[in-house]
Amino acid sequence: MRIKIRHETHYVLEQAARRAMQYLRLTPRNDRNQRVGNWSISGPEKLTQWLDGFGNVVHFASEHTDHNDLKIVVEGEVETKETNGVLPLDDGLPPGMFMRPTPLIKCDEVLGAFSDELKGIIEKDGELSFLHALMAALADEVTYESGQSTVACSATEVFERKKGVCQDFAHLFIAGCHRQNIPTRYVSGYITNGAGDPASHAWAESYVSGLGWVSFDPANRQCATESYVRLAVAYDYATAAPIIGVRTGGQGEQMNVNVQVDQVQVQS
Amino acid sequence: MLKNFFDEMHAESGEVREPYETYSAWLHSTQVDELVRCHEQADLIFRRVGITFNVYGADGGVERLIPFDIVPRIISASEWELIERGVIQRVNALNAFLHDIYHDQAILKSGLIPPDLILTNEAFRPEMLGLTLPHHVYSHISGVDIVRVDEETFYVLEDNARTPSGVSYMLENRQAMMRLFPDLFAKHRVAPVSHYPELLLETLSSVAPKGNSQPTIVLLTPGQFNSAYFEHAFLAQEMGIELVEGQDLFVDEGYVYMRTTRGPRRVDVIYRRIDDDFLDPLAFRPDSALGVPGLLAAYRMGNVSICNAVGGGIADDKAIYTYMPDIIKFYLAQEPILKNVPTYNLRRKDDLAYALENMEKLVVKEVHGSGGYGMLVGPASTKKQVAEFKEKVKADPANFIAQPTLSLSTCPTFVDQGIAPRHVDLRPFVLSGRQTKVVPGGLTRVAMEKGSLVVNSSQGGGTKDTWILEGANARTRR
């Protein structure tokens, strides 16, 4: 599928900032299941591209002059391939590292017990069946609702409230998998259609021995399809965040995000 | 004399050990009044130099002098030869280990170390994956803590691969001793340590990006409120490099620059004395104002060297420490020259049961702890303290290791009652760049309280000048 993306993030400040610096994880990964074409980032005064330890393309963006507003626009096309949610076996990252309980994905007894209820499936039908069952159970248990959580909410906090958005679902799924010793990581990206915010999205990937990384999107109760574009993989939201910034001066920030993700109809 | 402890000056028979022969004779011929006078003079010298140390938790972190003892720790040429080979071996193995775990992870594939001990460790930094450093060196400056328990046996207590401090005391203690006791230096061939800053500068230069032979080097300090600020200022001055704080640096187009009165100047090597967490607020702790936004980008692009490297802290993990003998054999195919302290890894069930049963005899430490904080010295603690610590251990056993209480050697020390034995350790400073080197000497720390085994300056320990006696065929180096 050819997917056209335009993602605009616009910061407006009441009081001007003197300097601003950001890491932007806004460039899709070139993988077996997706090829990136004509990708561009514009807006910030200066941009330097580098690769982080997870292999994500990152830009260091900096603004050195006084500014009241800052606009970051990424756009381009990605050609995706349907792989039934399965990704290459080895992308150079040891699966075992995605067992780390960061503060956002740390499992507690309540969430652990929820995951344990399903663990019988692992022995009976294998890990893959467990992962599908956990995805479905979370989708049943937790309601998709925006405005009930922030990006700083941990999986356990969200599980108490039973309400959250895509990154919360991803965190919950990761914590539930870690409980059963299944390496699982966070993915940020785009989706052409799905729950809530139509475009900017997050889901998870679990490492199934013998098969490789398999993607699960508990917010949409499905494995990733060719409608999904992967931006970055990491432990959790904090390490995969599309934009992390600091600035000197400046107050009264307003952020407006506009994302368009469309399938390109190929004329034959 | 304390029984059952090896004394650096007196052998069990009561005879004076060889390295101390000359010194002992001098001490016997010197009046106590004279020693008292020297002790007071030493105090004055250190106050004038302004060498102080912030102690956390004591009176809101007041600055105070670390007690300096006028009786030197003396080590013979042959003893030093063993220590030197031993610490160089350890640091080389540690650097090979760090390079491996951030690249191919051969040691994990070999099954020698449980992979989860590394991969899920907080000190394992994914930011370092696949980044190849000049000469594959991560720990450019290591402060290896060594204790002695008998004539032949030295144990390595910790490797301190995370910006160890204390080297300024090694240098200042020597200066003070030379002023106080010029006659003693005339009687002994003490190996010089004063070239340490020169060697450090050489080491830092040798790891500059892309083999740049004229690099600009800076020392990055968290600022004057840090307990080791004196040392930061001292070393920067001795090396003739700029002492900077995070706000003095910025990143542009993937390079690091320092703001100067004559405009921006590119920085190639950062000798940082701040923790990983505070290096770059965009990559690590977002609330940190100490670091430089964008530094990780410049680092991963290979445009700046950070010393010690990011992510080396995992080598300081006390659970990893238990594998050091295996690490040395795995990477260097050599037998360890210096021993590890036998250590109970409390993530193992049997070890945990033993430790809980015998805690009053053991030293228990947090795996990520340092500076003598968060540890229990069983024999020196009350029943209540032991009971409380047991609860802490039970709550998170994998966070602790336990070791037998070592019979640290004693060294004669000047105290209120005169000269009395006090327990000591030794921290030589190992420098790794193109080559691995050690200045003959180090920081001898001494527990000033009778019977105490805690030598950390944050816990009231003092320091001594450390004399390495040169052998008959030693090269002269000034």
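Protein chains get the first letters and strands the later ones, always in sequence-line order, with residue 1 at the start of each. Small disclaimer: the values here were computed from a predicted structure and weren't measured. Computation of the quantities below employed the complete heavy-atom set of this structure, encompassing side-chain atoms and omitting hydrogens, waters and symmetry-equivalent molecules.
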field: A/V246, part contacting chain B, at a heavy-atom distance under 4.5 Å
entry: both
- request: Heavy-atom distances under 4.5 Å only: say whether A/Y235 touches chain B with side chain, backbone, both or neither.
  value: side chain
- prompt: Among B/M128, B/R125, B/Q105, which has the most heavy-atom pairs under 4.5 Å with chain A?
  reply: B/Q105
message: Taking NZ in B/K390 as the centre, count heavy atoms belonging to other residues, nucleotides or ligands within less than 6.0 Å. Is the count above 12?
response: yes
query: What are the two closest heavy atoms between A/F60 and B/P293, and how far apart are they?
result: CZ-O, 3.7 Å
field: A/Q49 versus B/M301, closest heavy-atom pair with distance
entry: O-CE, 3.9 Å
- prompt: Of all heavy-atom pairs between A/W50 and B/A297, which one has the smallest distance, and what is that distance?
  reply: NE1-CB, 3.3 Å
task: Examine whether an atom of A/H64 lies under 4.5 Å from a heavy atom of chain B, and if so say whether it belongs to the side chain, the backbone or both; otherwise answer neither.
output: side chain
query: Can you find a heavy atom in the side chain of A/M21 that is under 4.5 Å from one in the side chain of B/V251?
result: no
query: Do A/S62 and B/F250 come close enough that some side-chain heavy atom pair is under 4.5 Å?
result: no
query: Just wondering, more than 12 heavy atoms not from A/E253 lying within 6.0 Å of its CD?
result: yes
task: Check whether B/D280 gets within reach of chain A through its side chain, its backbone, both or neither, counting any heavy atom under 4.5 Å.
output: side chain
- prompt: What is the minimum heavy-atom distance between A/Y23 and B/L295, and which atoms define it?
  reply: OH-N, 3.8 Å
statement: For A/M97 and B/F124 the tightest heavy-atom approach is CB-CE2, 4.5 Å
Options B/L296, B/L131, B/I118, B/L108, ranked by heavy-atom pairs under 4.5 Å with chain A, top entry: B/L296
message: As an exercise, state the distance from CG of B/L129 to CG of A/L51, rounded to the nearest 0.5 Å.
response: 12.0 Å
message: Could you tell me if the side chain of A/K46 sits less than 4.5 Å from the side chain of B/D252, heavy atoms only?
response: yes
task: Answer yes or no: does atom CZ of B/R265 have more than 12 heavy-atom neighbours from other residues, nucleotides or ligands under 6.0 Å?
output: no
field: Where B/L119 and A/P94 come nearest, the two heavy atoms and their spacing
entry: CD2-CG, 4.1 Å
query: Does atom NZ of B/K210 have more than 12 heavy-atom neighbours, drawn from other residues, nucleotides or ligands, at distances under 6.0 Å?
result: yes
- request: Against chain A, label B/A298 side chain, backbone, both or neither, depending on which of its atoms sit under 4.5 Å from a heavy atom there.
  value: neither
